[in-house]
There are 2 protein chains.
Amino acid sequence: MPDSTKRTKKRAPIPILGYALLGLIDQKPSSGYDLRKIFAETAMGNYSSSPGAIYPALQKLEAGRLVIGNTEETAGLRRRCVYRITQSGSVALKRWLGRPIEGDEVKRGAEELMLRFAFMERVLGPSACVSFLRNFSAVLSPYIGELEAFLAANQDRMPLSARLALESGLRSYRCTFEWTHYALQTYKDFQRERHG
Amino acid sequence: MPDSTKRTKKRAPIPILGYALLGLIDQKPSSGYDLRKIFAETAMGNYSSSPGAIYPALQKLEAGRLVIGNTEETAGLRRRCVYRITQSGSVALKRWLGRPIEGDEVKRGAEELMLRFAFMERVLGPSACVSFLRNFSAVLSPYIGELEAFLAANQDRMPLSARLALESGLRSYRCTFEWTHYALQTYKDFQRERHG
DNA sequence: TCCGGCATGTAAGGTGTTACATGATTGC
DNA sequence: GCAATCATGTAACACCTTACATGCCGGA
């Protein structure tokens, strides 16, 4: 008696930090320490970098066979464990990067979307980036409209600082919206350069 | 033998959601249900609205005597528990709103800062808002410089999409920076209007 | 010899999420 | 009688944070 509710293997959900690590490891095999340094020193600093987050996350990725760690017994220094991505890791990364954008992802802040976009070109190529940007722009547009409507309806009843805080959010969304068009244009120029 | 390390009463740290609730309750005594609706229906939707977050948070605020709940035995509907802010709640709110901005608060996203600003005028008045905006602008400025330098140093080695993702962050910060000046100007106009 | 940088990890605790449970009232 | 809305809550779990623990190496 086959159970049709389980026809696909249940994949344990991967948190954003897991995907960030996976994407970085895909770019270049790395140890936990390497990855921590990337978070601490580069503009990816909005991610944790704390050992209590990264090492357990790496262990979970390894337990799910998305990466494999190889402990180097090099001379000098302490042994370091270098992780590299596996086939199923690569598949999971592609699936994450290729997901269509959902409406509420924008409201919760665009962090995850930007992380996906940053990794996207290497893994899925420029045309996927272009699709993503169009998708992003299309999702952003109605949300900006909603915010404008809310502001118009309520601003008279709010203290000035509350109104300004809302306007700040609106400006940020508009800024991101404009960015999508700038990025699209940049890709067009890039394409023309290659074909020209 | 007095223990000098405990000269101030240890205040349990309040998470952002707690402050959001405290600020809202300060504006108007509310029940958990009221507060959930605010998160769900207004532009404060980036905050949870899930009962599993809000009710425990309210209980913690009450346990810390920052709010007191009063269960109304009204006719009709189920009993609802309306919270109102206490004196020490008011003090805690003021302390939070008046904190100077720390450098890393900007890197972790400006959500909390904007929440503080939104509540600020009612509780601390316009002049505190002006100070806050100047402080914010001053903290933002060097961070934007850092990001620009990082981008200039690394953009040639990155895929186009990664560079664009970074530029998106930079544009957001610049947008917020410009907003601080717009907001400052708005306060100046507001002041002139009142004194004129 | 001891400090600082490399490198990995654990323990405790807090916060939030999803999903579920409960109970009363209004309207059909 | 049943569904929807009002209203509050719990339980299980996942995740991240801070703080600490460990161990090896090179240089002053």
Side-chain angles (χ1 to χ4, degrees), chain A residues 10-22 29-41 44-64 67 69-83 104-105 107-109 111-112, chain B residues 10-22 29-41 44-64 67 69-83 104-105 107-109 111-112:
Chain A
K10 244 187 259 178
R11 293 184 286 265
I14 301 169
I16 301 186
L17 178 60
Y19 281 117
L21 295 170
L22 200 54
S30 309
S31 68
Y33 196 74
D34 295 337
L35 295 161
R36 284 184 65 197
K37 271 198 302 191
I38 291 172
F39 289 140
E41 292 169 11
M44 294 191 70
N46 33 340
Y47 290 93
S48 48
S49 100
S50 73
I54 285 178
Y55 289 106
L58 285 170
Q59 285 161 15
K60 270 197 76 175
L61 288 179
E62 192 173 26
V67 299
N70 179 34
T71 304
E72 296 179 351
E73 285 299 346
T74 54
L77 296 175
R78 195 186 177 184
R79 98 250 116 128
R80 40 185 267 125
C81 183
V82 174
Y83 292 94
D104 55 316
E105 284 186 278
K107 302 188 190 184
R108 293 286 179 146
E111 271 180 59
E112 182 174 356
Chain B
K10 244 188 260 179
R11 293 184 286 265
I14 301 170
I16 301 185
L17 177 60
Y19 282 117
L21 294 170
L22 199 55
S30 309
S31 68
Y33 196 76
D34 294 338
L35 295 161
R36 283 183 66 196
K37 271 199 301 192
I38 291 172
F39 289 140
E41 290 169 11
M44 293 190 72
N46 35 339
Y47 290 93
S48 49
S49 99
S50 74
I54 286 178
Y55 291 106
L58 285 170
Q59 286 161 16
K60 271 197 76 175
L61 288 179
E62 192 173 26
V67 300
N70 179 35
T71 303
E72 298 179 349
E73 285 299 346
T74 53
L77 297 176
R78 196 187 176 182
R79 95 254 118 124
R80 41 184 266 125
C81 183
V82 174
Y83 293 94
D104 56 315
E105 284 186 280
K107 303 188 189 185
R108 294 286 178 145
E111 272 179 58
E112 181 172 357

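Because the structure is predicted, anything quoted here is derived from the model rather than measured.
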To the nearest angstrom, the CD1-P distance between B:Ile38 and D:dA7 comes to 13 Å
Separation of D:dA7 atom P from B:Arg80 atom CZ, nearest Å, is 5 Å
Taken to the nearest whole Å, CG/A:Leu21 to P/D:dC15 is 12 Å
Those residues at least two apart in sequence (or on a different chain) that pass salt bridge (Lys or Arg N to Asp or Glu O under 4.0 Å) with A:Lys107 are A:Glu146
Sorted by chain and number, sequence neighbours left out, side chain to side chain contact (heavy atoms under 4.5 Å, CB included) with B:Pro15 holds for none
Applying side chain to side chain contact (heavy atoms under 4.5 Å, CB included) to A:Pro56 and not counting sequence neighbours gives none
Q) Has A:Tyr33 got a side-chain N or O lying under 4.0 Å from the OP1 or OP2 atom of C:dT8? A) no
Protein-proximity profile, nucleotides 9-18 of chain C, B/S/- by nucleotide at the 4.0 Å heavy-atom cutoff, equals BB----SSBB
To the nearest angstrom, the CD1-C1' distance between A:Ile54 and C:dT8 comes to 12 Å
Side chain to side chain contact (heavy atoms under 4.5 Å, CB included) filter on A:Glu62, not counting sequence neighbours, yields A:Val67, A:Tyr83
Rounded to whole Å, CG of A:Asn70 lies from P of C:dA7 at a distance of 15 Å
Rounded to whole Å, OH of A:Tyr19 lies from C1' of D:dC15 at a distance of 15 Å
Across all chains, not counting sequence neighbours, the side chain to side chain donor-acceptor pair (under 3.5 Å) partners of B:Asp34 are B:Ser31, B:Arg80
To the nearest 10 degrees, the angle between the two end axes of the helix from C:dT1-D:dA28 to C:dC28-D:dG1 (five pairs per end) comes to 10°
Sequence neighbours excluded, the answer for ring-ring contact (aromatic ring centres under 6.0 Å, His included) partners of A:Tyr19 is A:Trp96
So CD of B:Glu72 and SG of B:Cys81: to nearest 0.5 Å the spacing works out to 8.5 Å
The side chain to side chain donor-acceptor pair (under 3.5 Å) partners of A:Glu111 (sequence neighbours excluded) come to none
